[in-house]
Amino acid sequence: MPFAIIPQNLGDWPPVWWVGCHGGAGTSTLARLVGFGVDFGSKGWPLVTPAMPPTHVVLVCRASAAGTWAATGAIEQWRSTPGMHSLTKVLGVVAVAASPRKPPRIATERLQLLRGWAPEVWRVGWVDALLAADDPRDVGASPDVEALRTTIWKKVGATREGKR
């Protein structure tokens with residue numbers, strides 16, 4: 001994935017950067033439902049410098065062959081690029097269901113592989129109602145997303161106090 005310039009008008013430094021491993025990964029929906037962090041879309045990795053605050057990234061992919069392929073590439077890049085660990089902390093990978101059916105075997109195998117490489121791998125199930133919603137917050141967070149929100153907030157909450 002490329003590195004992308006951080007917008008100048010962020011205000012407070014976000015506790016989490018939702019980064020899509022590919023287009024259509026679901027970063028916008030997750031960022032809205034979780035209620036904190038910056039939806040960085042599929043622009044790439046936030047381009048940070050040592051002078052910037054800690055950068056916590058949650059990678060997002062679809063639980064499909066192409067989505068998990070992109071996620072493995074992103075994690076491999078993060079693990080193998082010198083200095084990247086010190087500037088960007090990947091909290092984990094969220095695999096968002098690509099359909100109401102069971103993911104294809106290749107996607108499931110790649111998620112197993114990612115469990116050995118990424119700090120965490122979370123799965124978020126399919127929610128039909130989101131297809132008909134203009135704003136995902138109108139539907140509300142599923143139990144998967146509620147658990148994700150709590151887990152990620154606990155991870156970043158240790159470094160940030162009280163901002164949500």
Side-chain angles (χ1 to χ4, degrees), residues 1 4 7 10-46 54-75 78 88-164:
M1 294 194 317
L10 279 178
D12 290 337
W13 191 255
V16 173
W17 298 75
W18 300 94
V19 174
C21 298
H22 55 87
T27 58
S28 300
T29 300
L30 278 177
R32 284 186 174 175
L33 288 174
V34 168
F36 58 85
V38 166
D39 170 16
F40 209 53
S42 58
K43 297 175 197 160
W45 297 99
T55 304
H56 299 107
V57 167
V58 176
L59 293 169
V60 182
C61 71
R62 287 287 172 180
S64 64
T68 54
W69 177 254
T72 56
I75 285 293
W78 174 69
T88 302
K89 181 175 182 181
V90 172
L91 300 177
V93 177
V94 179
V96 178
S99 80
R101 294 177 302 198
K102 190 172 138 184
R105 183 178 180 168
I106 187 71
T108 302
E109 290 172 353
R110 287 182 181 146
L111 289 172
Q112 289 285 59
L113 178 68
L114 280 167
R115 284 189 171 86
W117 292 355
E120 299 273 351
V121 174
W122 301 283
R123 293 177 72 162
V124 172
W126 182 259
V127 178
D128 264 340
L130 290 173
L131 295 175
D134 291 328
D135 186 330
R137 293 173 292 197
D138 294 340
V139 173
S142 67
D144 297 344
V145 172
E146 288 287 351
L148 179 67
R149 175 187 355 221
T150 300
T151 300
I152 291 175
W153 187 251
K154 284 180 182 172
K155 285 179 173 278
V156 298
T159 58
R160 302 177 54 88
E161 293 187 11
K163 290 187 177 180
R164 188 168 193 181

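Predicted model, so just to flag it, every value in this text is computed and none were measured.
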If you define the side chain from C-beta out and look only at heavy atoms, does anything of [X] sit under 4.5 Å from [Y]?
{"X": "V16", "Y": "W153", "answer": "no"}
{"X": "V124", "Y": "L148", "answer": "yes"}
{"X": "W126", "Y": "S142", "answer": "no"}

*asked:* Could you check whether any side-chain N or O of R123 sits under 3.5 Å from a backbone N or O of A95, counting only pairs where one atom can act as donor and the other as acceptor?
replied: no

*Counting distance only, does the side-chain N/O of D138 pair as donor-acceptor with the main-chain N or O of A133 below 3.5 Å?*
no

Measure the spacing between [atom1] of [X] and [atom2] of [Y] and express it to the nearest 0.5 Å.
{"X": "E146", "Y": "T151", "atom1": "CD", "atom2": "OG1", "value": "11.0 Å"}
{"X": "T108", "Y": "K102", "atom1": "OG1", "atom2": "NZ", "value": "7.0 Å"}
{"X": "K89", "Y": "T55", "atom1": "NZ", "atom2": "OG1", "value": "12.0 Å"}

Minimum heavy-atom distance [X]-[Y], with the two atoms named:
{"X": "M1", "Y": "L59", "result": "CE-CD2, 3.9 Å"}
{"X": "C61", "Y": "G67", "result": "CB-O, 3.3 Å"}
{"X": "A63", "Y": "P104", "result": "O-CD, 3.9 Å"}
{"X": "L10", "Y": "P7", "result": "CG-O, 3.6 Å"}
{"X": "P15", "Y": "F36", "result": "CG-CD1, 4.0 Å"}
{"X": "V19", "Y": "P46", "result": "CG2-CD, 4.0 Å"}

*With W122, the side chain to side chain contact (heavy atoms under 4.5 Å, CB included) member among V96, V58, D144, L111*: V58

*I would like to know whether I106 and T68 meet side chain to side chain contact (heavy atoms under 4.5 Å, CB included); could you show each step before the answer?*
CA-CA 9 Å; I106 187 71; T68 54; 5.8 Å; no

*Criterion side chain to side chain contact (heavy atoms under 4.5 Å, CB included) on V93 and W117, from CA distance to verdict*: CA-CA 10 Å; V93 177; W117 292 355; over 6 Å; no

_Could you work out, with salt bridge (charged side-chain N to carboxylate O under 4.0 Å, His left out) as the rule, every residue matching R32, not counting sequence neighbours?_
none

*asked:* Can you confirm whether K43 is buried at NZ, in the sense that more than 12 heavy atoms of other residues, nucleotides or ligands lie under 6.0 Å from that atom?
replied: yes

*Evaluate whether atom CH2 of W69 has more than 12 neighbouring non-hydrogen atoms of other residues, nucleotides or ligands under 6.0 angstrom away.*
no

*Which residues pass the ring pair (Phe, Tyr, Trp, His ring centres under 6.0 Å) test with W18, sequence neighbours left out?*
none

In residues 22-29, what donor-acceptor pairs under 3.5 Å come from side-chain atoms, sequence neighbours left out?
| residue | atom | partner | partner atom | Å |
| --- | --- | --- | --- | --- |
| H22 | NE2 | R62 | N | 3.0 |
| T27 | OG1 | D39 | OD1 | 2.8 |
| S28 | OG | D39 | OD2 | 2.5 |

